[in-house]
Amino acid sequence: MRWTDYITPSTLHLGPFVELLMEPFAGVDGPAQLQLGLHEVLVNAVRHGNGCDPAKCLRVRRILTPRWLVWQVQDQGDGVPSQRRSGGLPDCLDAPCGRGIFLIHHCFDDVRWSQRGNRLQVAIQRSRLSGRGPGSLDP
């Protein structure tokens, strides 16, 4: 098992990149929650971490183990303050931001932040997604 590394410009044109990150599961039905979660992690890194600055990049690492699917996303920003890393909804549901981290916590089984807060590791157990017939995530 080895990490696969990706570096991509900081842009909100993320569809093709999410597809690349999901490549081992091409043609598999059912990983919609995984795609949603990865997309949200990347959007947050671009918008809030890199400030939508196309001169900055995202570094993404992926490892697929027999029990886990793991992604690490690192931006070049200052990091998310620790008090804003919880998976709760914002007090004001009409707020322009604050629901992304809630979604991330619901799409993945494990969410971990680096001390600085500019690297997020998300993981989902294979067993949670396998056993769905054609939707199994067992490449």
Side-chain angles (χ1 to χ4, degrees):
M1 291 177 283
R2 290 185 15 222
W3 287 96
T4 304
D5 292 307
Y6 305 90
I7 297 189
T8 188
S10 193
T11 174
L12 289 173
H13 182 66
L14 294 166
F17 189 55
V18 171
E19 287 179 22
L20 178 65
L21 295 175
M22 297 286 298
E23 184 180 47
F25 312 108
V28 174
D29 296 328
Q33 76 180 36
L34 201 50
Q35 287 178 305
L36 173 64
L38 283 173
H39 190 266
E40 194 58 44
V41 169
L42 295 168
V43 165
N44 281 354
V46 169
R47 280 192 180 156
H48 303 293
N50 287 347
C52 291
D53 183 347
K56 294 183 178 180
C57 292
L58 298 179
R59 178 179 183 212
V60 179
R61 302 179 80 206
R62 178 187 70 201
I63 191 166
L64 310 175
T65 74
R67 295 184 58 199
W68 291 91
L69 314 174
V70 183
W71 289 266
Q72 291 180 350
V73 177
Q74 183 171 349
D75 59 55
Q76 294 179 289
D78 295 330
V80 176
S82 58
Q83 66 271 19
R84 294 186 52 213
R85 298 178 192 176
S86 73
L89 281 170
D91 293 333
C92 177
L93 294 179
D94 292 339
C97 59
R99 292 174 297 279
I101 293 175
F102 172 80
L103 280 172
I104 291 166
H105 277 271
H106 280 78
C107 289
F108 295 98
D109 296 318
D110 188 54
V111 177
R112 299 178 190 206
W113 296 87
S114 65
Q115 184 174 353
R116 181 174 161 193
N118 72 325
R119 185 178 66 241
L120 180 59
Q121 178 173 297
V122 293
I124 191 164
Q125 293 182 49
R126 282 183 181 265
S127 62
R128 180 173 164 195
L129 297 171
S130 63
R132 293 183 176 179
S136 172
L137 287 183
D138 291 322

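Position 1 is the first residue of the sequence, and the numbers go up from there.
- Scanning both residues, Met22 and Leu38, for their nearest heavy atoms gives SD-CD1, 3.6 Å.
- Between the side chain of Asn50 and the main chain of Ser10, no donor-acceptor pair closer than 3.5 Å is present.
- Checking side-chain atoms of Gln121 against main-chain N and O of Val70 turns up no donor-acceptor pair under 3.5 Å.
- Residues Leu120 and Phe108 have side chains not in contact (no heavy-atom distance under 4.5 Å, counting atoms from C-beta outward).
- Between the Arg62 side chain and the Leu21 main chain, a donor and an acceptor come within less than 3.5 Å of each other.
- Contact record, Pro9 with Pro54: CB-O, 4.4 Å, taken as the closest heavy-atom pair.
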Given side-chain contact (heavy atoms from CB on, under 4.5 Å), test Val80 with His48 step by step and report yes or no. CA-CA 8 Å; Val80 176; His48 303 293; 5.9 Å; no
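- Separation of atoms CD (Gln74) and CG (Asn118) is listed at 5.0 Å; rounding is to 0.5 Å.
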Give the intermediate values and the outcome of side-chain contact (heavy atoms from CB on, under 4.5 Å) for residues Phe17 and Thr11. CA-CA 10 Å; Phe17 189 55; Thr11 174; over 6 Å; no
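- At least one side-chain heavy atom of Trp71 sits less than 4.5 Å from a side-chain heavy atom of Leu34.
- At least one donor-acceptor pair under 3.5 Å links the side chain of Arg126 to the backbone N or O of Thr65.
- Open room surrounds CG on Asp78; 12 or fewer heavy atoms of other groups in view lie less than 6.0 Å from it.
- The backbone N or O of Val46 sits nowhere less than 3.5 Å from a side-chain atom of Asp75 that would complete a donor-acceptor pair.
- Between Leu36 and Cys107, the shortest heavy-atom distance links the atoms CD2-SG, 4.0 Å.
- For Arg112, the CZ atom counts as loosely surrounded, since its 6.0 Å shell holds 12 or fewer non-hydrogen atoms of other residues, nucleotides or ligands.
- At least one side-chain heavy atom of Asn44 sits under 4.5 Å from a side-chain heavy atom of Ile104.
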Worked verdict on Ile124 versus Gln33 for side-chain contact (heavy atoms from CB on, under 4.5 Å): CA-CA 10 Å; Ile124 191 164; Gln33 76 180 36; 3.0 Å; yes
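- For the atom pair CD (Gln35) and CG (Leu14), the distance works out to 12.5 Å, reported to the nearest 0.5 Å.
- In the displayed structure, Arg47 atom CZ is contacted under 6.0 Å by at most 12 heavy atoms of other residues, nucleotides or ligands.
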Any chance you could lay out the side-chain contact (heavy atoms from CB on, under 4.5 Å) test for Val60 and Leu42, step after step, and finish with the verdict? CA-CA 9 Å; Val60 179; Leu42 295 168; 4.0 Å; yes
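- Distance check, rounded to the nearest 0.5 Å: CG of Leu58 to CD1 of Ile7 gives 10.0 Å.
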